[in-house]
Amino acid sequence: MKDIPSRYNPKETEEVLYSQWEKKGLFRSKPDPSRKPFTIVIPPPNVTGILHMGHALNNSIQDILIRWRRMQGANALWVPGTDHAGIATQNVVERKLRGEGRTRQELGREEFIKEVWKWREEHGNTIINQLKRLGVSCDWQRTRFTMDEGLSDAVMEAFERLYDKGLIYRGNYIINWCPRCQTALSDEEAPHIDTEGKLYYIRYPFKKAQGFPQLRSGQARLKAQGVVVATTRPETMLGDVAVAVNPKDRRYKKFIGKKLILPLVGREIDIIADDFVDKKFGTGAVKVTPAHDPNDFEISKRHSLEPVKVMAPDGKMNKNAGRFAGMDRFLAREAILRELKETGLLVKTEKHQHAVGHCYRCHTLIEPYLSFQWFVKMRPLAGPAIEAVKTGKVKFYPKRWTKVYLNWMENIRDWCISRQIWWGHRLPVYYCKNCTKQANELTVDSSPRTKTSLVRGRQLTEKNKGVMVSKVKPERCPECGATDIYQDEDVLDTWFSSWLWPFSTLGWPEKTRDLEYFYPTSTLVTAPEILFFWVARMIISGLEFMKEVPFKDVYLHGTVRDLTGKKMSKSLGNVIDPIDIINEFGSDALRYSMIAITATGQDVFLSREKFEIGRNFANKIWNASRFVLMNTNLSKAKPWTQSVQGLALADRWILSRLTRTVESVTKALDNYRFNEAESIAYDFFWHDFCDWYLEMAKPILADSVERIADRRKITELVLLYVLENSLKLLHPFMPFVTEAVWQNIEERGSIMTEKWPKPDRSLINKEAEKNIELIQSVIISIRNIRSDMNIPHTAMLTVYIVPLKKDGCGKLEEGSEHIKRLARAEKLIIEKTSKKPAQCATAVLEGFNIFVSLEGVIDFKAEKARLRKKMEDIDIKLKFVNKRLKDDNFIKKAPEKIVSMEKEKAARLKEQKDRLKKTLESL
RNA sequence: GGGCGAUUAGCUCAGCUGGUUAGAGUGCUGCCCUCACAUGGCAGAGGUCACUGGUUCAAGUCCAGUAUCGCCCACCA
């Protein structure tokens, strides 16, 4: 044991221990009816991703839970895996190809997909390996990937079932279109970002033939010349099909039904009336562009107007844009504005703040775009998911997320699930070439889409001739028998596979033993960013496909930010790489620090220095353990049991404190209060165990005299007992250092499989706690004097302690050795009869006077100043208490317990004050 | 426009159901390399708990409002 280094070296230990754990199969778990399961599924990270601090926090928390429950005897299973991250991965591989001078179009779909798989073979394990460095105890043999065979089958199954129930439909709607990724996106994938834009006022002239007043000069002429509309996206005007005004708007009433000429295009459009139009915004007249704006699309349906698309999928203007065709949307905007200006039709330009959608993968400005896509009808699915949370079958921690969840669920909108990319699950939809000539003519279902009813259409079954939904390619069309069948080109939204994760990873749709035993999972730990994307949808799918919630608790931790409050992201360059931190400080340090600074659900503000907290603590654990191991004779050390007799005061105290610590750490974990659990364990270990108990134990361990052989043995047993239990408490938080120490204690198994300490209430000893507290305060006040009076540390003191009560001596007797040693007192005289020595400093404690002899060195001035200050402190408190006690209301209304407590306090303070006063006078 | 969170020591933050003297880490000051640990030990200074009002015997804690910062949601072009 002597060769244990005085520095904990995480680098040398972590990797070795981790592979040890893995080799022994300690992370593995399989159904076992005799034990209760505790199951967590990992929020699958993006397969192209690398570990960032959010992952580090997320996985630290999950690992704490899993290790803790495992120690508690649960059959703990943690299922890891990654998702295929369709768009992100495709983008990455495309970028790589571009570097090689190739494009995916050149390769073709099949070859491209091969490239992606190749890429995933090479890089897909990066994040998994990084997670391992964190020390997480996942059952790696169960690692899943959303594109695996089993999970793909689950996706197909889910699609089929929903389609058969009429919950999946397709139709022509305005969706979020990313012109860069060239795919549709769900609403969640197109977050609105406040943007400084411009509002352009454009005049649409009347059609002259209508016989409006003859043109006159000046303003009047202009006014008569047409209607001014306001728009933020002038390029879309080429696709205008009408101008809408509010039917109640007096300014425009007379124009309703009249015709305008669409500038630059020359097309005739109507002025129509629609309630949607806000009289107060802009000019009160709206250009209607059904193919490029969701509201306009709704208006157009109400007025049976044909949409005109003016943009191609790549964001360039199409042939409907006439001479602007081929121009990029933003260049077209400029060109159009230029022409409008030249013709005098651009009335004015205003600055305008508005929120516009951006692609969550590439941040490109989203184009609302009319497109034929597949949707999941969410409203019927949302009902049970709302119910499950309202009835508490699923609980959120912290609670406030419940409201956010319900609010979203209650206003849920249909989910666009088709993506025009190649990497992902191809839709299990097949078409009969023969029959779909009709299918292509499917008309838009015109169910109303208002603020309260956002269902985007009804079943189109009766119109879906020649459309076959099937896991495998049908041989012939059931309608016409033709064999010319082709599959839909689109793939599904990645979240359409992720939302099945809690059960697809356990074998669904097969009825596996795993599924039966481990589902529903216990706790989901995740970041609020994906509450809607993932959490909410998992609840929906769990209830739909399993008829049971996917998890009982959802713990939402904060977002990791840098010190300025910004989200950590690569593009901002404010990233702290967890792997760097692990290399520099160790995994335990990373984990401990992350949790320490993360209050329940609060965002985390990170800086490098914060990891020193964990590093220092790991080192403290290491060294305290080192001390214990160097000073205990292991071969004789049997585990401490209650039967051990002759415990000294300090022993009784530390065992009592340990018991309380076990209780409160467990309770904190039960309530997902991780930082609290950690700090309780930290305080106990560092401040009770190291600062006091170890110090009290030192003389016993150092003294080899025969007479204390028994004491020594007992001390060793207690030391080991407390150390072992502390290590167990700390293990979920700092798995490596605790394991490293554990294995140094003796030839033994892993701490991972040890039992979580159970609090033994019979060890709680209030008397010992009180007594040690008293001894601590005696020691502290002597140290205080030493420091205040500038007494060198090497000087040994003579201390008189004078109890004011009869039994006072007894209280201190057991602790006198501690006082001597920890206050560095050579002579300690505890006598009721002692008189105050001539030259001394005084401390006043509850029930005791303490005199520190300073023969020859007493500085009366300093001593007086010191005592005065103490007295002032007491005086302030006393005044406050007395004021309270004089308050009739307080005496009458406050609980008796509180009142008597206050009274005692007042008496105590008064007594101390008097004693101080006397001492001061005597100086 | 709606919702949520934050505001406590120089800095970063805890403080759950109101009740002894409001805590920690870090930084600062002084003293110590004392035989586990200087990634350490001992002692100390530092707070009108954002502001205003209210409820209460009692408010950092509960309620209302104000201010500042931040986040999320939302089809006003």
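Computed from heavy atoms alone, side chains included, the values below leave out hydrogens, waters and symmetry copies. Naming: A, B, ... by sequence-line order, numbering from 1 per chain.
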Would the distance check show the side chain of [X] and the main-chain N or O of [Y] forming a donor-acceptor pair, the cut-off being under 3.5 Å?
X	Y	value
T231(A)	R233(A)	yes
R824(A)	H793(A)	yes
D296(A)	P290(A)	no

Could you tell me whether the phosphate oxygens of [N], OP1 or OP2, come under 4.0 Å of any side-chain nitrogen or oxygen in [X]?
X	N	result
W692(A)	C42(B)	no
K610(A)	U26(B)	no
R786(A)	C42(B)	no
K698(A)	A36(B)	yes
R783(A)	A43(B)	yes
H352(A)	A77(B)	yes
N411(A)	C73(B)	no

What pair of heavy atoms forms the shortest contact from [X] to [Y], and how long is it?
X	Y	value
S593(A)	A589(A)	OG-O, 2.7 Å
P5(A)	W622(A)	O-NE1, 2.8 Å
V277(A)	G284(A)	CG1-O, 3.4 Å
Y204(A)	L260(A)	O-CD2, 3.3 Å
F685(A)	L723(A)	CE1-CD1, 4.1 Å

Run through RNA chain B and report every stem of 3 or more consecutive Watson-Crick or G-U pairs, distances under 3.5 Å, ordered by first number. B:1-7 with B:67-73, B:10-13 with B:23-26, B:28-32 with B:40-44, B:50-54 with B:62-66
Figure out the [atom1]/[atom2] separation between [X] and [N], and round it to whole Å.
X	N	atom1	atom2	result
H793(A)	C42(B)	NE2	P	10 Å
N616(A)	U26(B)	CG	P	7 Å
I785(A)	A43(B)	CD1	P	13 Å

Checking all strands, does [X] fall into the base, sugar-phosphate, or nothing category for heavy-atom contacts under 4.0 angstrom?
X	answer
E695(A)	base
T231(A)	sugar-phosphate
Y8(A)	nothing
Y682(A)	sugar-phosphate

Quick one about [Y] and [X] (side-chain donor to acceptor, distance below 3.5 Å, no hydrogens or angles considered), yes or no?
X	Y	result
Q912(A)	E846(A)	no
N675(A)	E678(A)	no
T402(A)	K395(A)	no

Looking at U34(B), does its base get a donor-acceptor pair with the side chain of R824(A) below 3.5 Å?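 By the distance-only test, no, there is no pair.
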Taking N or O atoms only and anything under 3.5 Å, show me the protein contacts with nucleotides 44-46 of chain B, one pair per line.
| from | atom 1 | to | atom 2 | distance (Å) |
| --- | --- | --- | --- | --- |
| G44(B) | OP1 | N784(A) | ND2 | 3.1 |

Looking at G25(B), A77(B), G40(B), which one has an atom nearest to any side-chain atom of H354(A)? A77(B)
Given G3(B), A74(B), A14(B), the nucleotide with the shortest approach to the side chain of N675(A): A14(B)
Would you mind telling me which residue lines up with the more 5' stretch of RNA chain B, K280(A) or P792(A), judged by nearest nucleotide?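 On the 5' side of the pair lies P792(A).
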Tell me whether the guanidinium CZ or amine NZ of K698(A) lies under 6.0 angstrom from the six-membered ring centre of F627(A) and within 45° of its axis.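 Satisfied, under 6.0 Å and within 45°.
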Would you call the rings of W408(A) and F532(A) parallel, tilted or perpendicular, taking 30° and 60° as the class edges?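 Judged by the thresholds at 30° and 60°, the geometry between W408(A) and F532(A) is parallel.
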Produce the list of close N/O pairs, under 3.5 Å, pairing protein atoms with atoms of nucleotides 56-58 of chain B; give distances to one decimal.
| from | atom 1 | to | atom 2 | distance (Å) |
| --- | --- | --- | --- | --- |
| C57(B) | OP1 | K893(A) | NZ | 2.7 |
| C57(B) | O4' | N889(A) | O | 3.2 |

